[in-house]
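Written below as structure tokens is the structure these notes are about.
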Amino acid sequence: MSKQRKWQVISLTYSSNQSQKDNSANAQLFKKIIMDHYRNPRNKGLVEDDEYVTIFLRNPSCGDDLTVQVKANGDKIESIRQYGTGCSICCSSASMMSELLASKTLTEAAQLINQFYLMVEAKPYDEEALGDAISLQGVAKLPQRIKCATLGWKACEEALGKIQEEQADDSASK
Amino acid sequence: MSSSLHECCLKRSEAIRNEFPMLSVVENGHPMVYFNNAATAMTPKSVINAMTEYYEEYGVNIARGVDAIGYRATHLFEATRVKVADFLGAERSDSVVFTRGTTAALNLVCSSFGNLVVEAGDEIIVSGGEHHANYIPWQQLAKNKGAQLVLAELDEDGKVTPEALQKAMTPKTKLVALFHISNVMGAVHDVKALAKVAHDGGAYFVCDGAQGIVHDQINVVETDVDFYAFSGHKLFGPTGVGVLYGKYDLLKRMPPIEFGGEMISLVDVYDTTFADPPHRFEAGTMPIAEVIGLGKAIDYVNRYGYCAMQRRVEYLTSIAVEKLQAQPNVTIYNPHNYASGIICFNIEGIHPHDAAGIYDREGISLRAGHHCSQPMMRELKQFATLRASLAFYNTEEEVERFVEATEMAGDFLDILF
């Protein structure tokens, strides 16, 4: 992604007196970001590597499925891979997640996942922290699509839990 | 059509729609277009009133005690059994078992009858077009018994021809379980011919009538099915009630799978003699209001007539298919199956859930997903599809709005803003 766009996204603010024109400009920009992740997904494709923790999740009611792989080095996430089938919200969200959380610490990642949940549940959240993922803030008014938007993040959350368990086991056995 | 005839049709259509309170619901600022009838149909006022009347005037338990009010409830409950038997063309009303729905009915046949007759090494034939409710029970029974689940081949309309069933039959075939009308493809089976192939090969024939009961009048004696299952809520009746028809001699051989009140004859200290069918299979308090409501739904269908309902469904479905086919990016998987009102389709490059978001915004209710038939999705090589399913009370204007919304589906991200 170009630096220019990243800056634009982060600098957007959503005060209540925002004009109609700004709203529609935001919408256009957000749509562009979502479509970009949907059509050109980041970190797509799985790897055969034991160092990755692999989590497969699905929404049984709609048939969306998603696999997320996370590789950590100590406290830091080194790489996230994702692959699956689903609607634009599900797939673009997984792509945004993989981009945002890679290179974060396990604690930071867990906090960001929580911020994303807060956003889609229409609760106060730190919009500056979520990068491209704030383009999905409209999910907050579509409760029936929350499960699409959060699938990738839930898979990553599970992977983080598993990594921490494994690390705890390792240090206990040492 | 002459203008006076046209006017007469419009008036009739309006009068019919007024009988269904749900048809005046407003969704997302639009009068709702309900094209999800294959999931659950709308309920006419007469059914709702009958259930309200039960709760307000004689809402007591049945078949217990000798009070007059209890007798009224029992009488209406049992009269519905007779009505259902007549509706199915059954010879005796005690071959009608009330259940929670088609799923419960099919599970009852499978757990009781299937468990009784299927042995290790036997084969059970189903098709890839079955709803999960007529697939998983047999799959699990086969697994538990060491029997083999066999899939009969589907033709391009999504149905099993008698020839295809014949091909799948072997001397080991113990039971054949097939839909009457498919819930994904809307294909209509020749139930009589399929039952004959099964019987000629020495197998039993179970029919899932969840969709079939709505669109194709069944006669269980003429078709000679051993079991037939359907739900109330797809037949304009209430949820929570369904029917298992079974040949009486087969029901008589079946052990109960639920134990409790009203299904016994004599309870001794260490053993119990069970009641005869159908009560043997109706343990505990039944959905009494729902059974009575189902009776009213059958009255409704009988009053309107299958023939008139079907003419309307096939006409509306045919124009919807024609208009969708005119859109270059729409693929219809079942372009020849009008009788079910089901149109199974996808819009190129747009995930069904994304498209469904646009339909929802436009106040159009339809189904997106795998339709509880993942085996059928595999046959179609699709993860999911859209399914519009029409009923006789839908209108040409609604078809028009549905087609217009299809044209807007490319703007699927708009729903987020």
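So you know, we letter chains A, B, ... as the sequences are listed, proteins then strands, and number each from 1. Everything quoted here is computed from the prediction, not taken from an experiment.
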Heavy-atom pair count under 4.5 Å with chain B, highest-scoring of A/Ala27, A/Ala140, A/Cys90, A/Cys91: A/Ala27
Quick check for you: to the nearest 0.5 Å, what is the distance between B/Leu413 atom CG and A/Tyr38 atom OH? 9.0 Å
Taking atom CZ of B/Arg100 as the centre, report whether more than 12 heavy atoms of other residues, nucleotides or ligands fall under 6.0 Å from it. no
For atom CG of A/Asp50, decide whether the heavy atoms of other residues, nucleotides or ligands shown that lie under 6.0 angstrom number more than 12. no
Should we count CD of B/Glu348 as having more than 12 external heavy atoms under 6.0 Å? no
Reported SG-to-NE2 distance for the pair A/Cys148 and B/His353, which is rounded to 0.5 angstrom: 6.5 Å
B/Glu153, CD atom: more than 12 neighbouring heavy atoms under 6.0 Å: no
Any side-chain heavy atom of A/Asp64 sitting closer than 4.5 Å to one from B/His351? yes
State the CZ-SG distance between B/Phe383 and A/Cys87, to the nearest 0.5 angstrom. 13.5 Å
Spacing of CD1 belonging to A/Ile34 relative to CZ belonging to B/Phe412, to within rounding of 0.5 Å: 9.0 Å
Closest non-hydrogen atoms of B/Leu416 and A/Val139, given as atom of the first, atom of the second and distance, are CD2-N, 3.5 Å
Atom of B/Phe417, atom of A/Lys31 and distance for their closest heavy-atom approach: CE1-CG, 3.4 Å
Is chain A contacted by the side chain of B/Ile350, its backbone, both, or neither, given a heavy-atom distance below 4.5 Å? neither
Is a salt bridge present between B/Asp354 and A/Arg145, judged by a nitrogen-to-oxygen distance below 4.0 Å? yes
